[in-house]
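Quick notes on the structure that follows.
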Amino acid sequence: MVALTFPDGARREYPDHITGLDIAKGISPSLAKRTVAMALDGTLADLADPIEKDAKIEFVSREDPRALELIRHDAAHVLAEAVQSLWPGTQVTIGPVIENGFYYDFFRNQPFTPEDFAAIEKKMCEIIARDKPFTKEVWSREKAKQVFRDKGEGFKVELIDAIPEDQSLKIYKQGDWFDLCRGPHMTSTGKVGNAFKLMKVAGAYWRGNSDNPMLTRIYGTAFAKQEELDAYLKQLEEAEKRDHRKLGRELDLFHFQEEGPGVVFWHAKGWTLFQAIIAYMRRRLAGDYDEVNAPQMLDKSLWETSGHWDWYRESMFAAQSAGDEAEDKRWFAIKPMNCPGHVQIFKHGLKSYRDLPVRLAEFGVVHRYEPSGAMHGLLRVRGFTQDDAHIFCTEAQLADECLKINDLILSVYADFGFESDLVIKLSTRPEKRVGSDASWDHAEAVMSKVLEQIAQRSGNRIKTSINPGEGAFYGPKFEYVLRDAIGRDWQCGTTQVDFNLPERFDAFYIDSDGSKKTPVMVHRAICGSLERFTGILLEHFAGHLPLWLAPKQAVVATITSDADDYAREVAKAARRLDLRVDADLRNEKINYKVREHSLAKVPALLVVGKKEAETRTVSIRRLGSEKQTVMPLDAALASLADEALPPDVKRMRQAA
RNA sequence: GCCGGGUUAGCUCAGCCGGUAGAGCACUUGAUUUGUAAUCAAGGGGUCGGGGGUUCGAAUCCCUCACCCGGCACCA
């Protein structure tokens with residue numbers, strides 16, 4: 001007998017091997033009908049599974065949030081059946097559920113195109129309408145391999161070989177069609193419903209390895225209800241509207257062109273925004289860091305010493321004299337990182353333990369030859385500016401330095417409007433690395449402890465996790481992941497502990513006992529790539545930047561030319577308060593001007609007509625609002641100037 | 001880098017099966033002095049991404065290169 005506890009707390013005994021379906025039927029036929037799966041002790045399972053031990057049982061209906069992944073998973077199977085019935089000979093591989101839907105990878109000589117979607121979706125609807133039950137069978141390894149081999153499904157055979165020996169092989173049938181799958185599934189294909197949509201096709205390597213054949217992946221999404229699907233599609237449209245590449249063009253911030261793949265042409269307004277971010281970061285570093293600047297190009301020998309030449313040569317740019325007759329035809333590497341340069345600065349002159357920690361910061365421009373397919377607007381470029389720093393310290397100072405960096409990172413993110421849903425990941429030693437296991441053991445131990453402390457100090461507000469094998473080649477790292485206004489995650493900051501580079505470069509300090517010691521080096525970035533961070537900010541704010549970041553903070557717009565002199569006066573007074581202001585004296589209707597500056601996302605419009613000129617007031621209209629507020633000029637400007645203060649400056653003023 | 005799709009005026013896009021280019025916005029000029037998201041009119045602007053091929057004839061078909069987009073792989 002098994003004892004099952006129901007959600008209402010009732011506990012009943014049933015014979016061994018009874019299935020969820022039998023129990024549901026026993027309770028009521030309507031329950032059995034609307035139940036698509038069950039959860040045993042919180043774990044989803046097939047409703048037809050026999051129950052072998054005592055558990056808490058819940059019947060999951062199609063509307064249950066937990067059913068969503070089942071709907072999507074089942075939809076992936078339906079997709080696979082549809083594709084194989086339309087194009088026999090297409091091999092199936094895997095079809096998992098992902099964040100916003102599902103995909104299925106197929107192998108076929110002729111890739112699919114979105115034009116095939118209509119036919120596939122039609123076939124999927126047929127399969128769903130047929131409403132065949134999902135049934136599960138457990139096959140022996142031999143039988144499964146034989147069956148799939150006979151069907152010409154080579155990829156499935158490979159998958160079977162990869163399944164650990166102690167796991168049984170489950171086959172799910174939906175009518176005649178079947179697939180190897182770990183499940184669980186709903187009771188029948190009809191439960192998928194019609195709120196699904198195929199989204200896009202893409203190439204994807206078999207098992208994620210670029211040495212393997214390329215498969216065709218079909219992405220789709222599915223929801224319990226049509227309204228949810230519609231809402232999701234709407235949300236995608238919204239995300240498209242805040243695409244920073246679109247905003248960059250519309251707001252005249254930057255552009256790219258063919259001659260410079262992956263390098264940004266910053267226009268005046270974009271550069272103003274970019275510089276506002278750097279100016280903010282500089283203020284945040286003042287007092288703790290020394291800002292330096294290391295050369296853009298250095299003899300490649302330095303990169304050989306650091307290990308970058310070995311590790312990343314394919315991803316580096318190098319330059320030499322363009323003259324055929326030049327005496328010095330050495331290769332200079334254009335810096336892909338600032339660290340070797342900073343080590344040279346540290347090494348210049350003898351350092352005492354009393355000098356440590358030495359914190360060298362640089363807003364250095366680095367170049368990396370990113371794979372052509374990786375480039376993406378500002379988010380992935382070949383030339384970018386890092387808010388980089390390297391801290392040279394003693395072992396004893398290491399943990400404190402990491403915590404100090406953490407404090408700075410969190411407070412910077414908060415100032416930019418990223419306060420919640422922060423995740424910090426610890427990436428540990430990769431397979432390919434430099435340095436002894438002992439030094440990695442040590443570095444990882446220190447960082448694990450620091451990570452714990454960070455989580456504790458945040459009151460467990462910050463989530464932490466481990467990324468095994470994802471560390472840099474010279475040391476483990478923390479990765480700071482923030483979440484934007486529409487729920488997307490971005491990895492920005494990083495803290496990397498490095499016991500290797502200082503040693504490779506023979507960097508040392510004189511300890512209190514007069515001996516030479518190798519310092520520990522911490523690499524850290526807060527925004528990471530400032531180009532990328534600018535792109536993230538644009539998408540986060542949908543181009544509607546807070547006043548302190550907006551490149552054009554206000555426009556003074558006249559209604560008639562009678563107000564021209566006054567408008568000039570207003571603009572001048574605003575500039576005296578360090579506001580970034582333009583005057584729009586064109587002979588245009590105020591409607592026209594309002595529309596134009598609103599589209600340009602200017603945060604504040606100061607409209608002046610005859611009335612305002614006579615009373616020395618301005619009519620303020622804020623972006624996103626139709627409301628107008630008439631205020632005396634001085635008060636209006638003072639309030640704007642106050643709002644335009646960067647958050648750190650505001651804090652300092654308030655403290656003073 | 002790999003797979004697929006794309007590149008037509010400053011921007012957004014049309015141009016069917018081959019017959020040497022079009023719209024709206026923007027721009028320039030003129031008129032309009034206007035009260036909170038587009039005033040009217042006229043005008044200028046493209047060797048259809050580059051190169052090659054097929055053809056009497058190519059924006060259109062084929063090849064190739066570059067760049068862009070969606071994924072994959074990569075991201076010191």
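- Residue side chain A:Tyr312 meets the stacking definition with respect to B:A76: its ring centre sits within less than 5.5 angstrom of the base's six-membered ring centre, and the planes differ by less than 30 degrees.
- The base of B:A76 does not come close enough to the side chain of A:Arg313 for any donor and acceptor atom to sit less than 3.5 Å apart.
- Atom CG of A:Leu302 is separated from atom C1' of B:A76 by 15 Å (rounded to the nearest Å).
- Residue contacts shown for A:Lys627 are absent, as no nucleic acid heavy atom lies under 4.0 Å away.
- A cation-pi arrangement is not found for A:Arg382 relative to A:Phe317, the charged atom failing to lie both closer than 6.0 Å to the ring centre and inside a 45° cone about the ring normal.
- Among the atoms of the strands shown, none is found under 4.0 Å from any heavy atom of A:Lys593.
- In this entry the distance linking CG of A:Asn209 with P of B:C3 reads 15 Å, nearest Å.
- No engagement by A:Phe112 is indicated, since no non-hydrogen atom pair under 4.0 Å with the nucleic acid exists.
- The closest donor-acceptor contact from the side chain of A:Lys593 to the backbone of A:Asp584 lies under 3.5 Å.
- We find that NE2 of A:His267 is positioned 13 Å from C1' of B:C11, with the value rounded to whole Å.
- If you check every strand for non-hydrogen atoms under 4.0 Å, A:His597 touches nothing.
- With A:Asp498 contributing its side chain and A:Met521 its backbone, the two residues share no donor-acceptor pair below 3.5 Å.
- A donor-acceptor contact under 3.5 Å is not formed by the side chain of A:Tyr103 with the base of B:G71.
- Residue A:Arg621 is classed as a base contact, given a heavy-atom separation below 4.0 Å to a base.
- With A:Trp266 as reference, A:Phe254 is the one residue of A:Phe256, A:Phe254, A:Phe384 to meet the ring-ring contact (aromatic ring centres under 6.0 Å, His included) rule.
- Residue-level contact check: A:Phe256 touches neither bases nor backbone, having no heavy atom under 4.0 Å from any strand.
- If A:Asp243 and A:Gln628 are placed on RNA chain B by their nearest nucleotide, the residue sitting closer to the 5' end is A:Gln628.
- Judged by distance alone, with hydrogens and angles left aside, A:Arg380 brings a side-chain donor or acceptor within reach of the base of B:C75, the pair sitting under 3.5 Å.
- In this structure, A:Gly307 reaches neither bases nor backbone, as no heavy-atom distance under 4.0 Å exists between it and the strands shown.
- Rounded to an integer number of Å, the gap from NZ of A:Lys241 to P of B:U12 is 17 Å.
- Nucleic acid contact class of A:Pro261 (heavy atoms, under 4.0 Å, all strands): sugar-phosphate only.
- Distance check, rounded to the nearest 0.5 Å: CD of A:Glu444 to CG of A:Asp437 gives 9.5 Å.
- At the heavy-atom level, A:Lys200 lies under 4.0 Å from the strands shown only through sugar-phosphate atoms.
- One interatomic measurement links the two molecules: CG of A:Asp252 to P of B:C25, which rounds to 21 Å at whole-angstrom precision.
- With contacts defined as side-chain heavy-atom distances shorter than 4.5 Å, the pair A:Val618/A:Val630 does not qualify.
- Nucleic acid contact for A:Ser315: base, since at least one base atom lies under 4.0 Å from a heavy atom of the residue.
- Residue order along RNA chain B, read from the 5' end via each residue's closest nucleotide, puts A:Ser372 first among A:Ser372 and A:Gln496.
- Heavy atoms of A:Ser619 sit under 4.0 angstrom from at least one base atom.
- Here A:Pro111 lies in heavy-atom contact (under 4.0 Å) with sugar-phosphate atoms only.
- Residue-level contact check: A:Ser210 touches the backbone only, with heavy atoms under 4.0 Å from sugar-phosphate atoms and none from bases.
- Across all strands, A:Leu599 comes closer than 4.0 Å to base atoms (heavy-atom distances).
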